[in-house]
There are 2 protein chains.
Amino acid sequence: MPQAGPLQTRNVAAVADGRTRRLTVSDWVEAGFTLLAEEGVKALTLDRLCRRVGVTKGSFYWHFVDLGAYRSALMDAWAALHDTERAQFTAMSDLEPRERLGRMLQVLLGERLWMLERAMREWARSDATAAAAVTAADRRIWRAVRQAYLDAGFTPAEAAVRADATFAIGVGILHLSASVPNTESAEKFLDIMLRH
Amino acid sequence: MPQAGPLQTRNVAAVADGRTRRLTVSDWVEAGFTLLAEEGVKALTLDRLCRRVGVTKGSFYWHFVDLGAYRSALMDAWAALHDTERAQFTAMSDLEPRERLGRMLQVLLGERLWMLERAMREWARSDATAAAAVTAADRRIWRAVRQAYLDAGFTPAEAAVRADATFAIGVGILHLSASVPNTESAEKFLDIMLRH
DNA sequence: ACCTGAACACCGTTCAAGT
DNA sequence: ACCTGAACACCGTTCAAGT
């Protein structure tokens, strides 16, 4: 799909060897994630990427058909990352709803992820594929959030409204944060939303 | 400050005349707003702008020192726009808190404004001046929102938390919307937040 | 199979020259 | 004072040539 060259045939040891080993798609993806997490969307330029990976532009174009395809690869990796999050969420089903919601917010707004989240949502505005991936991921998380409210004893209708609000809050905090988001006010918000 | 050329000396009739009249800074700003509102940040390119205004690039560079300065001008105009909004908000102080909050959300998410809001917040991430303007505007609106909760009988602490949440919701909806935001779920959310 | 290096196209920017 | 048109720099993209 997005890749041009090798379909990830050999995924051997990706550790820091001297200089010998050749690049794989995931090396580029990893570099892109770091760049995004550290400096945001605008830092994701061909030159910056190649400099970081230590190779010339031509190499990039052997691995990817163009920057758009590269972003698609980033999206795919991000979606996979999101799936592991979801696994965490469903594994939480034994926790109290309140505790569960608090953890969800913390995962979403945590360290490295929130910058990626922002980047994805920014691309989603101009790219249909990105938009689809974000929507799909959102729906899954929304369900987990609603389930928490259902478990807290709300009717389906009440739970849905609260899930909408909680979700919007999360995204809102994501965008309002200049640096790393603080989850403190989000916690207080949950207290209100969980009141009957 | 941002402008290079004329400091808006003659603001005469800006209506559609044949082709004779010369351009003013606000003509460029108006064109930029329309472009942003219709197609978002990515459409704001030099070529698109010049095509829309019907003039060559050189003309642009007589009015503005560069694209950055032009965006500053857009920011200034946006801030002014925001001030008239705030005037609306303070004029609302006789309305019921619930009604007032509903109107505020509708103004923020209404037709032309929400796309501009998004654009400004996107720039604010990479530009310090933009960030300052957005922060200042946000603080004013936040106060108006908190005042509504105070008038609804909440303690200062309670009102502050609710203002935080309401504000985050607004921004969240802004970014979650693919097309024009629907204010329906926001209304239901207000019902919850106003409960004692 | 994977990468280099040079060439091209596009778009933001400059500037001498026009009215 | 305000605008044109040509030139330049930068960055994404292509591709023939290397190992």
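A note on names: the letters A, B, ... follow the listed sequences, proteins ahead of strands, and every chain is numbered from 1.
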Under 3.5 Å between N/O atoms: give me all the protein pairs with nucleotides 14-19 of chain C, atom names plus distance.
none

Whole-Å distance, B:Phe64 CZ to C:dG12 P, equals 15 Å
Kindly state which residues belonging to residues 34-48 of chain B come within less than 4.0 angstrom of DNA chain C, counting heavy atoms of the residue only, listed by number. B:Thr45, B:Leu46, B:Asp47
Quick one: list whatever passes salt bridge (Lys or Arg N to Asp or Glu O under 4.0 Å) with A:Glu30, sequence neighbours left out. A:Arg112
With a 4.5 Å limit on heavy-atom distance, are the side chains of A:Glu38 and A:Thr34 in contact? yes
Report the distance from atom NE2 of A:His63 to atom P of C:dA1, rounded to the nearest whole Å. 13 Å
Please tell me which of the listed nucleotides, C:dC2, C:dC3, D:dA1, lies nearest to the side chain of A:Trp62? C:dC2
Could you list the residues that satisfy side-chain contact (heavy atoms from CB on, under 4.5 Å) with A:Ser177, not counting sequence neighbours? A:Trp114, A:Arg118, A:Ile173, A:Pro181
Report all side-chain donor-acceptor pairs from residues 185-196 of chain B shorter than 3.5 Å, counting only partners two or more places apart or in another chain.
residue  : atom : partner  : partner atom : Å
B:Glu187 : OE1  : B:Arg98  : NH2          : 2.3
B:Asp191 : OD1  : B:Arg98  : NH1          : 2.2
B:His196 : NE2  : B:Ala152 : O            : 3.1

Applying side-chain contact (heavy atoms from CB on, under 4.5 Å) to B:Glu122 and not counting sequence neighbours gives A:Glu122, A:Arg125, B:Val41, B:Arg125
Would the distance check show the side chain of B:Ser59 and the main-chain N or O of B:Val55 forming a donor-acceptor pair, the cut-off being under 3.5 Å? no
Structure string for DNA chain C in dot-bracket form, Watson-Crick and G-U at under 3.5 Å, | interchain: ||.|||||...|||||.||
Whole Å only: how far is the CZ atom of B:Arg51 from the C1' atom of C:dC11? 12 Å
Could you note down all residue pairs passing ring-ring contact (aromatic ring centres under 6.0 Å, His included) where residues 81-109 of chain A supplies at least one of them, sequence neighbours left out? A:Trp78-A:His82
Residues that A:Phe60 engages under ring-ring contact (aromatic ring centres under 6.0 Å, His included), provided they are two or more places apart: A:Trp28, A:Phe64, A:Tyr70
For residues 42-54 of chain B, which side-chain donor-acceptor pairs fall under 3.5 Å, sequence neighbours excluded?
residue : atom : partner : partner atom : Å
B:Arg48 : NH1  : B:Glu39 : OE1          : 3.4
B:Arg48 : NH2  : B:Glu39 : OE2          : 2.8

Starting from P on D:dC10, measure out to CG on B:Leu67 and report it in whole angstrom. 17 Å
Exercise answer: donor-acceptor pairs, residues 140-151 of chain B side-chain atoms, under 3.5 Å, sequence neighbours excluded:
residue  : atom : partner  : partner atom : Å
B:Arg140 : NH1  : B:Asp83  : OD1          : 3.0
B:Trp142 : NE1  : B:Asp164 : OD1          : 3.0
B:Gln147 : NE2  : B:Asp151 : OD1          : 2.9
B:Tyr149 : OH   : B:Thr166 : OG1          : 2.7
B:Asp151 : OD2  : B:Arg100 : NH1          : 3.1
B:Asp151 : OD2  : B:Arg100 : NH2          : 3.0

Counterpart residues, side chain to side chain donor-acceptor pair (under 3.5 Å), relative to B:Asp138 (two or more places apart): B:Arg121
Quick check for you: among D:dC3, C:dT4, C:dC2, whose closest atom lies nearest to any side-chain atom of A:Ser59? C:dT4
